[in-house]
Asks: 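Questions regarding the structure given below will be posed in turn.
Sequence lines set the chain letters: A, B, ... in the order given, protein chains first and strands last, and positions in each chain run from 1. Nothing here was measured: the structure is a model prediction, and the numbers come from that model. Note: hydrogens, waters and symmetry copies are ignored here, and every other heavy atom, side chains too, is used.
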Amino acid sequence: MGHHNERRKPDAAAHRAKGSGGVRRDLLHPHGRKRGEPPQVYRGQRAGRPQPGRMSTAQSKNIIPRAQDFAAWYQDVVLQGDMAEPAEVVKGCMVIKANGYAVWERLQADLDRRFKATGHKNVYFPLLIPESFLRREAEHVEGFSPELAVVTHAGGKKLEEAYVVRPTSETIVGHFFSRWIQSWRDLPVLMNQWANVVRWELRTRMFLRTTEFLWQEGHTAHANEQEAREEAIRMLHVYAEVAEQVMAMPVIRGIKSRAEKFAGAERSYCIEAMMQNGLALQAGTSHELGQNFGKAFDVKFQTKEGTLEYVWQTSWGVSTRLIGGLIMTHSDDKGLVLPPKLAPVKVVIVPIFRKEEERAMVLEVAAKVAADLNAQGLTAEVDAREGYNPGHKFFHWEQRGVPVTIELGPRDVAAGTAVVKRRDLGTKESFPLEGLTGVVSGVLDRMQEDLLATAARRLRENTVTASSLDEVAGILTSATAEKGGGKFVMAHIKDDPACDARVKELKASVRCLPLVDEYDGPGKCIVTGETVSHRSVIAKSY
RNA sequence: CGGGGCGUGGCUCAGCCUGGUAGAGCGCCUGGUUCGGGACCAGGAGGCCGGAGGUUCGAAUCCUCUCGCCCCGACCA
C-alpha cells in the first residue's frame, strides 16, 4: 500500500482502491483513474441466465481478495458481514453488531452448557478492582500494569485508592476466596463469570484485539496440585471441543512456554488455531495458577489432617476473539462464511417473481418452506423485501455468511422444486419441495463437517518441521499477516525464555508444546543444542 | 511511544496550490418500470467544510494553535 490514509470504514475496499495508488485499480478501471475524476464502481458480472449446477463466479465489489491483502480482507469481511464496526469515538473499541453478537450468543450458550456440565456455577465480580490488589502478585502486576485503565476520580473527587478496570479477575477472586474458603470441605470451588475486560492495547483489530472485549473467565480452587492440573486440562479440552465441533476450527492443544505463560501462572495451556494466512491465533487459554494467588491473597484451608495449606487455583478463558478466529478460518473472498451450528440464520429463502400472480404464489410457497424449516429448528427467513432484485439479495446474504440460500421462483413452484445453494462451495442444486427440510438439514450437516475438514487439511498442509533456527527463519521470514505464507513450524526448542527470545527475533514466537505431538520424538534444541523431549510449534501469530 | 497520513452530506472522495460562500459517486426517501447473481428512469431530502484564533471586503481554501482518527513498528486473549 503506497499511501496510508486507510480508514476503517464500510467502504474500505473501494477506498483502498483509490488511496493505495491502485491496489484494486485493475478491478475498478482498467486504466486507473485521473485526479478529480469520480471513482468508477466495479459492477461485477452482468446477470446471465442461471445455469443450474454451476457455481456463481460473481466477484464481490466491496471486499478486497485475501490474496491481495489478508488483513484488509479481514476488515472488509467483518464490516460487510455486519459483524462489528470500530467504535471510533472510543479508542480501540468496537461495536459488536447484531449479526456478530448473535454468533457470540451461540458460542456463549454452548460454552455455558459445557461449563455447567463440568460442575461450574456462574458468578459475577466487580468491574473495578482496588489498584493495590494487582500489586500483590509480582509477576501478575508486571504483566498487566502496562495495559491497565485506572479510575482515579469518582463522585467529583479524587479517590483515596484508585481502581483499575479489570484486565482479568484473579486478584479480586483471590480476595474473596480467602474469605470463603476455610476447610477442605469448602473445596473445590468451581466458578465462572461472563464479563467484559479492558486492556489498553497499543494496536487493535476488531474481535482479535480490542481495548474492551467480552469473555468468560473460569476461576477454581482445589485442595491439591493434581486436582488443579486436571481441572485446567479438562477445561482446555472443553475449549478444543467447542472450537472443533461447534466452530469447525481445528486447534492444537498445548502448553505455553515459560516466556509465554500467563502472568502469575505456574503453567498455561492453550489452543492454537491456524488462520488462512498461516498465522497462529491463541484461541483459548487455561492456567494452573499453583499457589501463587493463594499466597498473595492468603487463601488457606485446613486439611483433613488439620494442617493449614494454600489452595491450588486455576483460571481459564475464551473471548470474542474466537469470532475473529472463526472469520479467518472459514470466510472467503465473497465474505463471511458461518458454520451452520453458529449461524444466527441458517437458511434464507429468496423469492423470485415477475408478475403479481407469481409473486403471491411464490411468497406463499416460500413462507411454507420457511415454516417447515423453522419447525425443525433450522432457522429460516424469507427475504421478501421489495425494491431489491434477487441478485442483490444473493450477494447480501452471501456476505453475511448465511450457510444455505434457497432460490424459489415461478419455474420452481411449477415444478414443485427449489434451488438449494451452499455458501461455502457455491454449489446450487434443485430438490423437490417434498422433503426439502430433510435435504437442507443434511446439507447443513455436511457443510459443518466439510468446513472442519477443509480447515484441518489446511492446518496439516501448512505444518512443517525444522531442525535449525536458520531453517525456521527461512520458512517464516517471508510470512506476513497481509500477504500470508505463514506456517506452523515444528521444532525442538528448550523451554527457556532465552530460547524464546531468539525466536522473537524472527518476529515469530513459540506457540506451544503440543499435548499430543504427531511429530514426536526427542531432538536437539535449535538454539542450545540440548536434548529436548519433543517438538514445539513455532509460528508468526496474532 | 516513534514514523507516516487524513479530518468536506450517512459512506468514499473531489474542490484547497492560484480565497468569491460547496460538488460527484454510492447510500437514503417518493413514484413508476423491473426482478433466475449487486436493475433502470424521474423527482427529492441531506453539509454553518473537526474545533479555536488570526489575515482579508470576503476563508473549505492562506497562517497559528488545538482535538480526533487511521496506517506502519516495539507489548498482548
Asks: Do Arg385(A)'s NZ or CZ and the ring of Tyr388(A) fall within the cation-pi criteria of under 6.0 Å and 45°?
Replies: yes
Asks: Rounded to whole Å, how long is the line connecting atom CH2 of Trp200(A) with atom P of C75(B)?
Replies: 20 Å
Asks: Atom pairs, N/O to N/O, protein against nucleotides 27-29 of chain B, distance under 3.5 Å?
Replies:
from, atom 1, to, atom 2, distance (Å)
C28(B), OP1, Tyr388(A), OH, 2.9

Asks: For the rings on Phe115(A) and Trp316(A), is their centre-to-centre separation under 6.0 Å?
Replies: yes
Asks: Find the distance Leu279(A):CG to A77(B):C1' and express it as a whole number of Å.
Replies: 16 Å
Asks: Remember a base hit wins even if backbone is also touched, and classify Val419(A) as base, sugar-phosphate or nothing at under 4.0 Å, heavy atoms.
Replies: base
Asks: Quick one: label Lys507(A) by what it contacts on the DNA or RNA (base, sugar-phosphate, nothing), any heavy atom closer than 4.0 Å.
Replies: sugar-phosphate
Asks: Give a yes/no answer on whether the side chain of Arg354(A) brings an N or O atom under 4.0 Å of OP1 or OP2 in C35(B).
Replies: yes
Asks: Determine, for Trp215(A) and Arg199(A), whether the Lys NZ or Arg CZ falls below 6.0 Å from the six-membered ring centre while staying within 45 degrees of the axis.
Replies: yes
Asks: Give the nucleotide from the list G36(B), C71(B), A77(B) with an atom nearest to the side chain of Asp412(A).
Replies: G36(B)
Asks: Taking only the side-chain heavy atoms of Pro390(A) (C-beta and beyond), determine which of G36(B), A77(B), G38(B) contains the nearest atom.
Replies: G36(B)
Asks: Among all residues two or more places apart in sequence or in another chain, which pass the side chain to side chain contact (heavy atoms under 4.5 Å, CB included) test with Thr329(A)?
Replies: Met249(A), Met275(A), Ala455(A), Arg458(A)
Asks: Has Phe213(A) got its ring stacked on the base of A77(B), with centres under 5.5 Å and planes less than 30° apart?
Replies: yes
Asks: Please give the distance between the C1' atoms of U61(B) and G50(B) as a whole number of Å.
Replies: 16 Å
Asks: What integer distance in Å separates Leu326(A):CG from A77(B):P?
Replies: 20 Å
Asks: Check the pair Phe144(A), Trp200(A) against ring pair (Phe, Tyr, Trp, His ring centres under 6.0 Å), reporting the backbone distance first and the verdict last.
Replies: CA-CA 9 Å; Phe144(A) 281 104; Trp200(A) 216 258; over 10 Å; no
Asks: So if I take every side-chain heavy atom of Phe353(A) and compare against C35(B), G36(B), G38(B), which nucleotide ends up nearest?
Replies: C35(B)
Asks: For U64(B), give its Watson-Crick or G-U wobble partner with both distances under 3.5 Å, or none.
Replies: A52(B)
Asks: Provide the Watson-Crick or G-U wobble partner of G47(B), both distances under 3.5 Å; none if there is no partner.
Replies: none
Asks: List in numerical order all residues of residues 314-323 of chain A for which some heavy atom is under 4.0 Å away from an atom belonging to RNA chain B.
Replies: Ser319(A), Arg321(A)
Asks: Report the residues that fulfil salt bridge (charged side-chain N to carboxylate O under 4.0 Å, His left out) with Glu244(A), sequence neighbours left out, ordered by chain and then residue number.
Replies: Arg253(A)
Asks: Where the side chain of Glu201(A) is defined as all heavy atoms beyond and including C-beta, which of A77(B), C71(B), G36(B) is the nearest nucleotide?
Replies: A77(B)
Asks: Determine the contact category for Glu260(A): base if any of its heavy atoms lies under 4.0 Å from a base atom, sugar-phosphate if only primed atoms, P, OP1 or OP2 are that close, otherwise nothing.
Replies: nothing
Asks: Using the C1' atom as the reference point in each nucleotide, state the distance between C49(B) and A24(B) in Å, no decimals.
Replies: 16 Å
Asks: Are there any protein N/O atoms within less than 3.5 Å of an N/O atom in nucleotides 42-45 of chain B, and if so, which ones and at what distance?
Replies:
none

Asks: Any donor-acceptor pair under 3.5 Å linking the side-chain atoms of Gln399(A) with those of Asn62(A)?
Replies: yes
Asks: Which nucleotide, G36(B), C72(B), C71(B), lies nearest any side-chain atom of Glu482(A)?
Replies: C72(B)
Asks: What about the rings of His140(A) and Phe262(A), do their centers lie closer together than 6.0 Å?
Replies: yes
Asks: Show the numbers, then the answer: is there a side-chain contact (heavy atoms from CB on, under 4.5 Å) between Val402(A) and Val347(A)?
Replies: CA-CA 6 Å; Val402(A) 173; Val347(A) 183; 5.7 Å; no
Asks: When rounded to the nearest Å, what value does the distance between P atoms of G20(B) and G47(B) take?
Replies: 22 Å
Asks: With side-chain contact (heavy atoms from CB on, under 4.5 Å) as the criterion, how do Ser541(A) and Gln282(A) come out once you've worked through the C-alpha distance, each side chain's angles and the decisive distance to 0.1 Å?
Replies: CA-CA 8 Å; Ser541(A) 69; Gln282(A) 179 174 311; over 6 Å; no
Asks: Would you indicate what Ser286(A) reaches in the nucleic acid, counting non-hydrogen atoms under 4.0 angstrom: base, sugar-phosphate, or nothing?
Replies: nothing
Asks: G31(B) pairs with which nucleotide, Watson-Crick or G-U wobble, both distances below 3.5 Å?
Replies: C41(B)
Asks: Does Glu170(A) form a side-chain contact (heavy atoms from CB on, under 4.5 Å) with His219(A)? I'd like the steps, not just the answer.
Replies: CA-CA 7 Å; Glu170(A) 276 75 6; His219(A) 293 278; 3.6 Å; yes
Asks: Atom CD of Gln216(A) to atom P of A77(B): distance rounded to whole Å?
Replies: 14 Å
Asks: On RNA chain B, does the nearest nucleotide to Glu386(A) precede the nearest nucleotide to Ala283(A) from the 5' side, or the other way round? Give the residue.
Replies: Glu386(A)
Asks: In whole Å, I'd like the distance from the OH atom of Tyr542(A) to the C1' atom of C75(B).
Replies: 17 Å
Asks: Is there a Watson-Crick or G-U wobble partner for A22(B) with both distances under 3.5 Å, and if so, which one is it?
Replies: none
Asks: Among all residues two or more places apart in sequence or in another chain, which pass the salt bridge (charged side-chain N to carboxylate O under 4.0 Å, His left out) test with Glu217(A)?
Replies: none
Asks: Strictly by Watson-Crick or wobble contacts shorter than 3.5 Å, is anything paired with G73(B), and which nucleotide is it?
Replies: C1(B)
Asks: Atom CD1 of Ile406(A) to atom C1' of G36(B): distance rounded to whole Å?
Replies: 15 Å
Asks: For the P atoms, the ones on C72(B) and on G36(B), what distance do you get once it is rounded to whole angstrom?
Replies: 40 Å
Asks: How far apart are the C-alpha atoms of Lys256(A) and Glu272(A), what are their side-chain angles, what is the distance that settles it, and do they pass the side-chain contact (heavy atoms from CB on, under 4.5 Å) test?
Replies: CA-CA 10 Å; Lys256(A) 282 289 179 195; Glu272(A) 294 283 330; 2.7 Å; yes
Asks: Which value, in whole Å, describes the distance between the P atoms of nucleotides A74(B) and C65(B)?
Replies: 32 Å
Asks: Which of parallel (below 30°), tilted (30 to 60°) and perpendicular (above 60°) describes His396(A) and His392(A)?
Replies: parallel
Asks: Starting at the 5' end of RNA chain B and moving along, which residue's nearest nucleotide shows up first, His287(A) or Gly387(A)?
Replies: Gly387(A)
Asks: Please report the distance, rounded to the nearest Å, between NZ in Lys334(A) and P in G38(B).
Replies: 13 Å
Asks: Does Arg203(A) have a side-chain nitrogen or oxygen under 4.0 Å from the phosphate oxygens OP1 or OP2 of C75(B)?
Replies: no
Asks: Starting from C1' on G73(B), measure out to CD on Glu505(A) and report it in whole angstrom.
Replies: 17 Å
